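Remember, predicted model here, so these are calculated numbers, not experimental data. Quick note: residue numbers are just sequence positions, from 1.
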Amino acid sequence: MGTAENLIRQGAGPAQGDEGAAQPEHWRYARHLEALAAVAAAGGTGAGAEAADRAEAEAVSAVLRDPDPVMAESAVVTHLDRRAAQLLDDPRFPGWARALGAALGGRAFPARRLREWTLLKTIGRGEPWSAEDLTGASDWCQRTAAQLLTSYEALSLLAASARTRRVRNAAAGRLRRRTLTA
């Protein structure tokens, strides 16, 4: 059993009525998030950053081995959202995203969320991106982009072509506030 699995299995769980009965999924979900947060908090810098990213990827893999795949993916996506928001302006983001991407093992929902965080990072840094990537992104990604991004091109695209009225209005509002302060 690896270190990440030990972290996930630590702690006292709820009382079990039957010998060997599985812990309830809400309890395991909370333990998974705690374990993932602990591994992320122990992360290093410089040369230690790669080892920390590998340890975090190992912890994500351990969570994904939970017998309830929906709950496990939900815990991983919650962790991805928290960590990506922390690392969005950090130069470690690309290495972290590569390490976690490899650990996702082709799971569609977490892999898509990681790709969308990478798209947000790309747009935020002013690197080349395609309009199709943003207009084809999930409602979550478009909403997050309208809230976080400062790119005039991205906000204009969302104001004109976002899938939902909520995102179109939010992007248009950000553009109006931007021109008022400029």
Side-chain angles (χ1 to χ4, degrees), residues 8 25-26 28-37 39-40 43 53 56-178:
I8 290 167
E25 64 275 352
H26 61 275
R28 291 193 328 272
Y29 177 84
R31 298 295 81 76
H32 289 327
L33 289 179
E34 288 173 6
L36 291 167
V39 171
D53 292 343
E56 191 171 347
E58 180 184 317
V60 165
S61 293
V63 169
L64 291 172
R65 287 191 291 273
D66 188 277
D68 182 347
V70 174
M71 181 276 301
E73 287 185 16
S74 179
V76 166
V77 169
T78 298
H79 175 71
L80 284 175
D81 288 346
R82 292 174 179 173
R83 284 290 284 157
Q86 289 174 345
L87 295 173
L88 204 54
D89 294 324
D90 192 313
R92 282 185 45 207
F93 183 93
W96 171 82
R98 274 191 305 279
L100 262 60
L104 296 177
R107 307 273 182 127
F109 179 50
R112 179 175 183 161
R113 184 59 63 90
L114 185 59
R115 278 192 311 275
E116 290 177 339
W117 274 111
T118 303
L119 174 63
L120 294 173
K121 171 80 171 173
T122 299
I123 296 169
R125 291 180 51 94
E127 296 171 0
W129 55 279
S130 77
E132 295 80 28
D133 287 343
L134 188 55
T135 56
S138 69
D139 291 348
W140 171 87
C141 182
Q142 290 184 358
R143 257 191 328 274
T144 304
Q147 294 169 355
L148 294 179
L149 297 178
T150 57
S151 163
Y152 178 82
E153 295 79 16
L155 290 173
S156 296
L157 177 66
L158 290 172
S161 304
R163 190 174 303 104
T164 66
R165 184 179 329 150
R166 177 181 176 184
V167 173
R168 290 190 302 273
N169 288 340
R174 295 273 318 276
L175 285 170
R176 278 193 302 277
R177 284 189 298 279
R178 181 180 168 157

Sequence neighbours excluded, which residues qualify as side-chain hydrogen bond (donor to acceptor under 3.5 Å, both in side chains) partners of [X]?
X	result
Ser156	none
Asp90	none
Asp66	Arg28, His32
Ser74	none

### Query
Which pairs count as ring pair (Phe, Tyr, Trp, His ring centres under 6.0 Å) when at least one residue sits in residues 132-177, sequence neighbours excluded?
Trp117-Trp140
Over all heavy atoms of both residues, which pair between [X] and [Y] is shortest? Give the atoms and the distance, please.
X	Y	value
Pro110	Val77	CA-CG2, 3.7 Å
Ala103	Leu64	O-CD1, 3.8 Å
Pro128	Thr122	O-CG2, 3.3 Å
Pro69	Pro67	CD-O, 3.1 Å
Leu119	Cys141	CD2-SG, 4.4 Å
Ala146	Leu158	N-CD1, 3.9 Å

What is the distance from atom [atom1] of [X] to atom [atom2] of [Y], rounded to the nearest 0.5 Å?
X	Y	atom1	atom2	answer
Arg178	Leu155	CZ	CG	7.0 Å
Trp129	Leu120	CH2	CG	10.5 Å
Arg166	Gln142	CZ	CD	12.0 Å
Arg174	Gln147	CZ	CD	8.5 Å
Gln86	Asp81	CD	CG	11.5 Å
Leu100	His79	CG	NE2	6.0 Å

### Qualifying residues under side chain to side chain contact (heavy atoms under 4.5 Å, CB included), relative to Ala172, sequence neighbours excluded
Ala159, Arg176
### Query
Residues in side chain to side chain contact (heavy atoms under 4.5 Å, CB included) with Ala111, at least two apart?
Leu104, Arg115
### Message
Checking Leu80 against Trp96 for the side chain to side chain contact (heavy atoms under 4.5 Å, CB included) test, could you report, in this order, the C-alpha distance in whole Å, the side-chain angles of both residues, the deciding distance, and whether it holds?
### Response
CA-CA 10 Å; Leu80 284 175; Trp96 171 82; 3.8 Å; yes
Residue pairs passing the salt bridge (charged side-chain N to carboxylate O under 4.0 Å, His left out) test where at least one lies in [range], sequence neighbours excluded:
range	result
residues 95-109	Glu73-Arg107
residues 118-129	Arg125-Glu127
residues 130-157	Asp139-Arg163

### Query
Can you list the residues that meet the ring-ring contact (aromatic ring centres under 6.0 Å, His included) rule with Tyr29, with sequence neighbours excluded?
none
### Evaluation steps, side chain to side chain contact (heavy atoms under 4.5 Å, CB included), between Val76 and Phe109
CA-CA 10 Å; Val76 166; Phe109 179 50; over 6 Å; no
### Which residues share a salt bridge (Lys or Arg N to Asp or Glu O under 4.0 Å) with Glu116, sequence neighbours left out
Arg112
### Task
Indicate yes or no: at least one non-hydrogen side-chain atom of Leu148 is less than 4.5 angstrom from one of Leu88.
yes
### Query
Does any N or O in the side chain of Arg168 come within less than 3.5 Å of the main-chain N or O of Ala162, such that one atom is a donor and the other an acceptor?
yes
